[in-house]
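If you read the sequence from its start, that first residue is 1, and numbering goes on from there.
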Amino acid sequence: MTAATTLRSAGTPAPQASQSMGLGATEEAREICAITRSTVQAAIEVLAGTRPINQLARRLDQRCLLALQHRACLTRREAARAPRKLGRLHRNPTVRSVRACEITPDIYEASAVVIDELRARAVAVRLERSKQVWRVTALEIG
């Protein structure tokens, strides 16, 4: 059984993780954090309407892609109907932190904190390796 290990976005392993992780595992976890950071940033920009969803087609599996597309449509529809406040949702999003946890050698789960003009939100991501390519199989945006 593989122990779950955590890595912070800044690249400094958590104290308990630094002793149990080998050099290759640390580099892989950093790669996962980088993939998570860019994917979450892009997903929030899709919700804001500033990025086309097809740019995420290679990173997200089909189910996640359709769910994100549906949510983006609902967000735009509500923003068009509502007063100023909803129109400012997802403006200037910034990924503040990312943490990754190895579940198995081919599965990682990661979390990210994203802030925009109105609020902070949490994002959970599950990445699975298939044919040496990491794909997001679950994306939950709070």
Side-chain angles (χ1 to χ4, degrees), residues 1-18 20-22 24-142:
M1 183 168 161
T2 305
T5 53
T6 304
L7 185 76
R8 296 184 186 135
S9 175
T12 56
Q16 74 276 11
S18 63
S20 63
M21 293 173 63
T26 301
E27 290 175 11
E28 186 172 80
R30 284 189 183 135
E31 177 187 7
I32 293 298
C33 285
I35 291 169
T36 300
R37 180 177 292 278
S38 63
T39 303
V40 167
Q41 180 74 37
I44 297 296
E45 289 171 1
V46 166
L47 291 178
T50 58
R51 179 184 292 258
I53 194 160
N54 61 359
Q55 290 184 0
L56 285 170
R58 289 184 150 192
R59 183 65 63 199
L60 301 178
D61 74 350
Q62 190 64 28
R63 190 174 40 86
C64 288
L65 196 66
L66 290 174
L68 182 62
Q69 183 177 23
H70 179 69
R71 183 169 175 173
C73 287
L74 291 176
T75 301
R76 281 193 297 275
R77 186 181 310 154
E78 279 301 309
R81 275 194 242 160
R84 298 179 210 141
K85 190 174 181 181
L86 276 179
R88 291 177 40 209
L89 272 178
H90 311 298
R91 281 236 179 116
N92 300 324
T94 304
V95 179
R96 280 295 171 109
S97 66
V98 176
R99 292 181 183 249
C101 180
E102 180 181 16
I103 306 302
T104 69
D106 290 331
I107 299 174
Y108 274 81
E109 289 184 351
S111 62
V113 176
V114 178
I115 60 167
D116 58 26
E117 285 185 4
L118 293 179
R119 66 183 202 172
R121 61 182 70 237
V123 181
V125 178
R126 183 178 179 97
L127 295 109
E128 297 181 9
R129 183 173 20 213
S130 172
K131 299 178 184 172
Q132 302 304 319
V133 175
W134 290 101
R135 292 189 61 106
V136 174
T137 57
L139 176 68
E140 295 292 329
I141 301 172

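Between the side chain of Gln41 and the backbone N or O of Val114, no donor-acceptor pair lies under 3.5 Å. Checking side-chain atoms of Arg63 against main-chain N and O of Thr137 turns up a donor-acceptor pair under 3.5 Å. With hydrogens and angles disregarded, a donor-acceptor distance shorter than 3.5 Å links the side chain of Arg37 to the backbone of Val95. Remark: side-chain polar atoms of Arg59 are not paired, donor with acceptor, to backbone N or O of Thr36 under 3.5 angstrom.
Atom CD of Glu45 sits about 13.0 Å away from atom CD1 of Ile53, to the nearest 0.5 Å. The distance from atom OG1 of Thr39 to atom CG of Leu127, rounded to the nearest 0.5 Å, is 7.0 Å. The structure places CG of Leu56 at 8.5 Å from OG of Ser38, a figure rounded to the nearest 0.5 Å. Distance CD1/Ile107 to CD1/Ile32: 11.0 Å, rounded to 0.5 Å. With rounding to the nearest 0.5 Å, the separation of CG in Leu47 from CD1 in Ile141 is 4.5 Å.
In terms of heavy-atom proximity, Tyr108 sits nearest to Ala29 at OH-N, 4.0 Å. Closest heavy-atom contact between Ile44 and Pro93: CG2-CB, 3.2 Å. The minimum heavy-atom distance between Pro52 and Val46, with the atom names listed, is O-CG2, 4.1 Å. What you find for Cys33 and Ala100 is that their closest heavy atoms are SG-CB, 3.8 Å.
With sequence neighbours excluded, the residues forming a salt bridge (charged side-chain N to carboxylate O under 4.0 Å, His left out) with Arg126 are Glu109, Glu128, listed by chain and number. Here Arg129 pairs with Glu28, Asp106 under the salt bridge (charged side-chain N to carboxylate O under 4.0 Å, His left out) rule; sequence neighbours left out.
With a 6.0 Å radius and a threshold of 12 heavy atoms from other residues, nucleotides or ligands, Glu140 has its CD atom at or below the threshold.
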Original post:
Where do Val98 and Val40 land on the side-chain contact (heavy atoms from CB on, under 4.5 Å) test, with the steps shown first?
Top reply: CA-CA 10 Å; Val98 176; Val40 167; over 6 Å; no

